[in-house]
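What you are looking at is a predicted structure, and each value in this text was computed from that prediction instead of being measured.
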Amino acid sequence: MNRKIFPELLALLMCEVPEIKCAAVAALWADWQDGTGFDRTAPPPHGINEPGRPARPELVEPSALRPRGVGTREGHAAMIHAICHIEFTAINLALDAAWRFRDLPDAYLGDWLRVAADEARHFGLLRAHLQTLGHDYGDFPAHAGLWDMARRTADDALTRMALVPRVLEARGLDATPPIMDKLRNIGDAPALAILDLILSDEITHVAIGDRWFRHVCAQRGLAPEATFLQLFNAFNAPRLQPPVNEKARLAAGFSASEIAGLSAQRRPAT
């Protein structure tokens, strides 16, 4: 009998224990690759679920996170923790994308299972490195900005693919090289190796979001770049912060003209 995929995805999304979530995500992806039969019949998703997460870290507003210099041991650990939290949230984002948008093909579902498994591996690597620094996941506060966008885009695959992979995850393509420079300056070779892997994988993840964004645009007869810019502005998405990693963005599906147009955007005055 084929396994029902959507109840499994929901259970994984709601799992609160990181190590159990990560192991189960990896196992599900392995089963998918092995050709295990899955039953996709299920009622439409309802509402927006708050994903399962441990009681710690404490979630606060981004403005409440005080900057720490990476040159201190605490600041070094806090930076690794912040990236670790991003990767944990990214597991839930990928699981939610797979669970929520059920009218897209099997290839879509497989893509987001792959992303979830990659993010789980990233989280595990970063958490293990954080432990070598005398800390663990949950030791520092974090923010929920990435999941806020999941709430705002829960009703439409087009907006989700536009504003999570092509905005929030794409920002990681820009942010990772400067972070790597900081870690290089303090001689953290293990973290550099992990971030090099993450950067390579994230280009693929953004490209997956780009592919399915364009797929939905084609279904609806929409021009992808004009539609993306419209959604980008309508949702007041975070503007690009220089330096922009043009090479990575081009590899992930952005055009040169699109990057130039986004780079010219300025955050509205408050």
- Item | Separation of Leu222 CG from Arg214 CZ (nearest 0.5 Å) | 12.5 Å
- If you look at every heavy atom in Ala157 and Leu104, which pair is closest and at what distance? CB-CD1, 4.1 Å
- Under 4.5 Å between any side-chain heavy atoms of Pro165 and Trp112, yes or no? yes
- Message: Is there a side-chain contact (heavy atoms from CB on, under 4.5 Å) between Lys182 and Asp188? Walk through the geometry before answering.
- Response: CA-CA 9 Å; Lys182 292 180 180 179; Asp188 189 348; over 6 Å; no
- Message: Tell me the closest heavy-atom pair linking Ala77 and Leu133, and the distance in Å.
- Response: CA-CD1, 4.0 Å
- Flag side-chain contact, heavy atom, 4.5 Å: Met79 against Leu183: yes
- Stepwise, does the side-chain contact (heavy atoms from CB on, under 4.5 Å) test hold for Arg100 with Arg160? CA-CA 10 Å; Arg100 183 168 299 281; Arg160 174 65 66 86; 3.9 Å; yes
- Check whether any side-chain heavy atom of Ile5 lies under 4.5 Å from a side-chain heavy atom of Leu28, and answer yes or no. yes
- State yes or no: do Trp29 and Leu197 share one hydrophobic cluster built from I, L, V, M, F, W and Y residues joined by side-chain heavy-atom distances below 4.5 Å, directly or via other members? no
- Spacing of CG belonging to Leu199 relative to CG belonging to Leu192, to within rounding of 0.5 Å: 12.0 Å
- Query: Do we see a donor-acceptor contact under 3.5 Å between the side chains of Asp139 and His81?
  - Reply: no
- Output the distance between atom OG1 (Thr159) and atom CZ (Arg166), rounded to the nearest 0.5 Å. 13.5 Å
- Query: How many angstroms lie between CG in Leu113 and CH2 in Trp99, if you round to the nearest 0.5 Å?
  - Reply: 14.5 Å
- In Å and rounded to the nearest 0.5 Å, what is the NE2 to SG distance from His135 to Cys84? 13.0 Å
- Task: For Ala252 and Leu173, work out which heavy atoms get closest and say how close.
- Result: CB-CD1, 4.3 Å
- Rounded to the nearest 0.5 Å, how far apart are CG of Leu231 and CZ of Phe213? 6.0 Å
- Message: In this structure, would Phe140 and Trp147 fall into the same cluster of hydrophobic residues linked by side-chain contacts under 4.5 Å?
- Response: no
- Query: When you measure from the centre of the six-membered ring of Phe6, is the NZ or CZ of Arg40 under 6.0 Å away and within 45° of the axis?
  - Reply: no
- Query: Does the side chain of Glu19 come within less than 4.5 Å of Cys22's, by heavy atoms?
  - Reply: no
- Within-4.5 Å side-chain heavy-atom neighbours: Phe254 and Leu262: yes
- Side-chain heavy-atom pair His129, Leu126 within 4.5 angstrom cut-off: no
- Any donor and acceptor pair, going by atom type alone, linking the side chain of Lys21 with main-chain N or O of Leu13 inside 3.5 Å? yes
- Item | Any side-chain heavy-atom pair of Leu10 and Leu95 under 4.5 Å | no
- Task: Determine whether the side chains of His205 and Glu119 contain a donor N or O and an acceptor N or O closer than 3.5 Å.
- Result: yes
- Message: Assess, by modelled atom type and distance only, whether the side chains of Asp148 and His143 contain a donor and an acceptor separated by less than 3.5 Å.
- Response: no
- Query: Going hydrophobic residue to hydrophobic residue with side-chain gaps under 4.5 angstrom, can you get from Leu250 over to Leu240?
  - Reply: yes
- Item | CZ (Arg127) with more than 12 external heavy atoms under 6.0 Å | yes
- Salt-bridge present (Arg121, Asp118; N to O < 4.0 Å): yes
- For Asn233 and Leu229, indicate whether the former's side chain and the latter's backbone hold a donor-acceptor pair under 3.5 Å. yes
- Note on the structure: On a heavy-atom basis, the closest approach of Gly71 and Ile186 is CA-CG2, 4.4 Å
- Heavy-atom closest pair, residues Glu225 and Ser257: OE1-OG, 3.8 Å
- Query: Does a donor on one side chain sit under 3.5 Å from an acceptor on the other, for Asp34 and Thr36?
  - Reply: no
- Glu50 with Arg151: basic N within carboxylate O range, under 4.0 Å: yes
- Item | CA sep, side-chain torsions, deciding dist, call: Ile179, Ile83, side-chain contact (heavy atoms from CB on, under 4.5 Å) | CA-CA 10 Å; Ile179 292 172; Ile83 306 168; 4.0 Å; yes
- Query: Does a salt bridge link Asp111 with Arg211, judged by any charged N lying under 4.0 Å from a carboxylate O?
  - Reply: yes
- Message: Can you tell whether the side chains of Arg171 and Asp174 come within less than 4.0 Å, N to carboxylate O?
- Response: no
- Message: In this structure, is the centre-to-centre distance between the rings of Trp212 and Tyr108 below 6.0 Å?
- Response: yes
- Task: Check the pair Val25 / Ile91 against side-chain contact (heavy atoms from CB on, under 4.5 Å), numbers first and verdict last.
- Result: CA-CA 9 Å; Val25 165; Ile91 302 169; 4.3 Å; yes
- Note on the structure: Between Thr132 and Arg73 the two heavy atoms that sit nearest each other are O-NH2, 3.9 Å
- Message: I'd like to know if Val70 and Ile86 are part of one continuous hydrophobic network [Ile/Leu/Val/Met/Phe/Trp/Tyr, side-chain heavy atoms within less than 4.5 Å].
- Response: no
- Test salt bridge (charged side-chain N to carboxylate O under 4.0 Å, His left out) applied to Arg56 and Asp136, step by step: CA-CA 10 Å; Arg56 299 171 66 242; Asp136 200 357; over 6 Å; no
- Task: Consider only side-chain heavy atoms of I, L, V, M, F, W and Y, link residues closer than 4.5 Å, and tell whether Leu125 and Val115 are in one cluster.
- Result: no
- Message: Is the positively charged end of Arg3 above the ring of Phe38, judged by distance under 6.0 angstrom from the centroid and angle within 45° of the axis?
- Response: no
- Query: When you check the side-chain N and O atoms of Thr176 and Glu202, is any donor under 3.5 Å from an acceptor?
  - Reply: no
- Task: Find out whether Asp210 and His215 are in side-chain contact, i.e. whether some heavy atom of one side chain is under 4.5 Å from a heavy atom of the other.
- Result: no
- Within 45° cone of Phe235 ring axis and under 6.0 Å: Arg152 NZ or CZ: no
- Message: Closer than 4.0 angstrom, basic N to acidic O: yes or no for Glu16 and Arg53?
- Response: no
- Would you call the rings of Tyr137 and Phe88 parallel, tilted or perpendicular if under 30° counts as parallel and over 60° as perpendicular? tilted
